[in-house]
Amino acid sequence: TVGAVARDMAGRMAAATSTGGLTGKKWGRVGDSPLIGAGTYADDRAAAVSCTGAGEYFIRLGIAHELCARVRLAGDLPSAAGEAMIGELGTMGGKGGLIHVGRDGPGGWAFNTPGMYRARAAADAAPEIAIYGDE
Amino acid sequence: MSWALAIHGGSGSMRRGHLSQADDEAGRAGLAAALEAGAAVLRRGGSALDAAQAAVEVLEDDPHFNAGRGSVFTAEGRIECDAAIMAGSDLAAGAVAGLRTTRHPVAAARAVMERSPHVFLAGAGADAFAHAHDIEAADPAWFETAERRRQLDEILARPDGRFDSDMKYG
């Protein structure tokens with residue numbers, strides 16, 4: 001699974017996710033990536049989110065929308081809401097990660113797997129690329 | 001307002017020493033290319049939508065990532081791609097599932113968002129919609145890689161024959 005979240009100079013945000021799914025999947029199984037609100041969500045009042053991992057858990061938690069709702073309604077920072085959502089994912093036994101960008105500041109991520117292919121760039125920050133959890 | 005971009009290429013069990021040096025370098029190179037594709041759009045004042053799509057399309061073409069070319073196989077030995085895109089300004093959204101002959105699934109999702117009255121199209125209809133709207137088609141063979149075929153064979157050889165429940169393969 002791959003994804004991107006962006007905020008442009010006008011302050012508009014967008015999220016995109018694309019995937020081949022799970023190796024050996026059967027019966028037309030679809031995960032969270034194409035489900036708006038589960039693996040992909042964007043709301044200029046809050047954040048843009050793209051997820052990766054055990055899709056069934058992201059669907060049940062509605063993770064991408066829930067992160068935006070916490071920002072919009074509870075005033076959470078996207079980073080705090082992202083950590084909380086990955087915490088809930090883990091509590092349910094799910095594994096995976098997400099990237100987010102908010103109304104200001106750089107993008108960020110949260111994940112509970114050993115690694116995650118991830119990168120970020122911003123107008124006022126040097127690009128960062130990482131794979132392992134300890135980077 | 002200053003621009004910002006984040007991308008991912010999937011999470012999983014990759015630990016130091018788990019990836020070969022070549023795979024580590026290829027993963028970082030792929031992320032760097034996608035990051036630059038999106039950042040170039042934002043630096044010149046382009047939209048967040050265009051930036052997100054540009055970054056994802058680079059990763060969809062990179063055989064090291066599980067999307068588009070380099071996708072994993074289903075139990076039947078086929079490749080079925082899913083994608084979504086969403087604009088935060090008006091909550092417009094497009095999504096596709098089960099694509100088999102569309103090179104950039106995220107471009108198909110964008111076309112659903114901007115050129116159809118729907119949000120989500122699936123299966124052969126989604127491919128047909130994409131081709132009817134001039135989204136580049138691709139032969140199923142375009143998406144297939146030997147490494148993903150090997151991973152499928154490995155999983156199917158296991159006695160429980162289950163799908164990649166521990167997300168070992170992307």
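The sequence lines fix the lettering, A, B, ..., with proteins before strands; numbering per chain opens at 1. Everything numeric here is computed off the predicted structure, so don't read it as measured data.
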For chain A, which candidate among B/Ile85, B/Val41, B/Leu49 shows the most heavy-atom pairs at distances under 4.5 Å? B/Ile85
Between A/Val30 and A/Phe58, is there shared hydrophobic-cluster membership here, with clusters defined by ILVMFWY side-chain heavy atoms closer than 4.5 Å? no
Picking from A/Ala15, A/Ser33, A/Gly97, which has the most non-hydrogen pairs under 4.5 angstrom with chain B? A/Ala15
Out of B/Ala54, B/Ala6, B/Ala67, which one racks up the most heavy-atom pairs below 4.5 Å with chain A? B/Ala6
Value for NZ (A/Lys26) from CD (B/Glu76), rounded to nearest 0.5 Å, stands at 8.5 Å
What is the minimum heavy-atom distance between B/Ser89 and A/Asp44, and which atoms define it? CA-OD2, 3.1 Å
Does A/Asp8 use its side chain to pair, donor to acceptor, with the backbone of B/Ala48 at less than 3.5 Å? yes
Spatial distance of atom CG (A/Asp104) from atom OG (B/Ser2) [nearest 0.5 Å]: 8.0 Å
If hydrophobic clusters are built from ILVMFWY residues whose side chains come within less than 4.5 Å, do A/Val49 and A/Met85 share one? yes
Under 4.5 Å, heavy atom to heavy atom: which of residues 116-135 of chain A reach chain B? Give them by number, or say none. A/Met116, A/Tyr117, A/Arg118, A/Ala119, A/Arg120, A/Ala121, A/Ala122, A/Ala123, A/Asp124, A/Pro127, A/Glu128, A/Ile129, A/Ala130, A/Ile131, A/Tyr132, A/Asp134, A/Glu135
Checking the side chain of A/Lys25 only, and the main-chain atoms of B/Phe73 only, is there a donor and an acceptor separated by less than 3.5 Å? no
Using non-hydrogen atoms and a 4.5 Å limit, figure out which bit of B/Asp24 sits close to chain A: side chain, backbone, both or neither. both
Residue among A/Gly31, A/Ala6, A/Pro114, A/Ala14 with most heavy-atom pairs under 4.5 Å to chain B: A/Pro114
With a 4.5 Å cut-off on heavy-atom pairs, point out which of B/Ala84, B/Ala95, B/Ser71 contacts chain A the most. B/Ala84
Under 4.5 Å heavy-atom distance to chain A, tell me which part of B/Ala32 shows up: side chain, backbone, both or neither. both
Is B/Leu31 reachable from B/Met14 through a run of hydrophobic residues whose side-chain heavy atoms are each under 4.5 Å from the next? yes
In terms of heavy-atom pairs under 4.5 Å with chain A, the winner among B/Gly98, B/Gly70, B/Ala97, B/Ser47 is B/Ser47
Heavy-atom contacts under 4.5 Å, residues 59-71 of chain A to chain B: none
Between B/Leu152 and B/Ile79, is there a shared hydrophobic cluster once you connect ILVMFWY residues whose side-chain heavy atoms come closer than 4.5 Å? yes
Please rank A/Gly105, A/Ala47, A/Cys51 by heavy-atom pairs under 4.5 Å with chain B and give me the top one. A/Cys51
For a quick test of reading the model, state the closest non-hydrogen atom pair linking A/Ala4 to B/Ile7 and the distance between them. CB-CG2, 3.8 Å
Rounded to the nearest 0.5 angstrom, the CG-NE2 distance for A/Leu98 and B/His8 is 8.5 Å
Name the region of B/Arg43, side chain, backbone, both or neither, that has any atom closer than 4.5 Å to a heavy atom of chain A. backbone
Gap between atom OG1 of A/Thr1 and atom CG of B/Leu59 - 0.5 Å precision: 11.0 Å
Identify which of A/Ala10, A/Ala42, A/Gly107 forms the greatest number of heavy-atom pairs closer than 4.5 Å to chain B. A/Ala42
Which is it for A/Ile36 and B/Val119 under the side chain to side chain contact (heavy atoms under 4.5 Å, CB included) test, yes or no, and what are the steps along the way? CA-CA 9 Å; A/Ile36 299 300; B/Val119 171; 4.1 Å; yes
Under the 3.5 angstrom rule, does the side chain of B/Arg15 hit a backbone N or O of A/Gly115 as a donor-acceptor pair? no
Given that the side chain runs from C-beta out, which part of A/Val101 has a heavy atom under 4.5 Å from chain B: side chain, backbone, both or neither? side chain
What residue, out of A/Arg103, A/Met9, A/Arg45, has the most heavy-atom pairs lying under 4.5 Å from chain B? A/Met9
Enter the distance from B/Glu80:CD to A/Thr19:OG1 here, rounded to the nearest 0.5 Å. 11.5 Å
Just by modelled atom types, is the A/Gly20 backbone N or O under 3.5 Å from a matching donor or acceptor in the B/Asn66 side chain? yes
Counting heavy-atom pairs closer than 4.5 Å to chain A, which one of B/Met1, B/Met86, B/Glu60 comes out on top? B/Met86
Is there a chain of hydrophobic side chains (I, L, V, M, F, W, Y, each step under 4.5 Å between heavy atoms) that links B/Ile135 to B/Val106? no
Comparing A/Val2, A/Asp43, A/Asn112 against chain B, the one with the most heavy-atom pairs below 4.5 Å turns out to be A/Val2
So what's closer than 4.5 Å to chain A heavy atoms on B/Phe120: side chain, backbone, both or neither? side chain
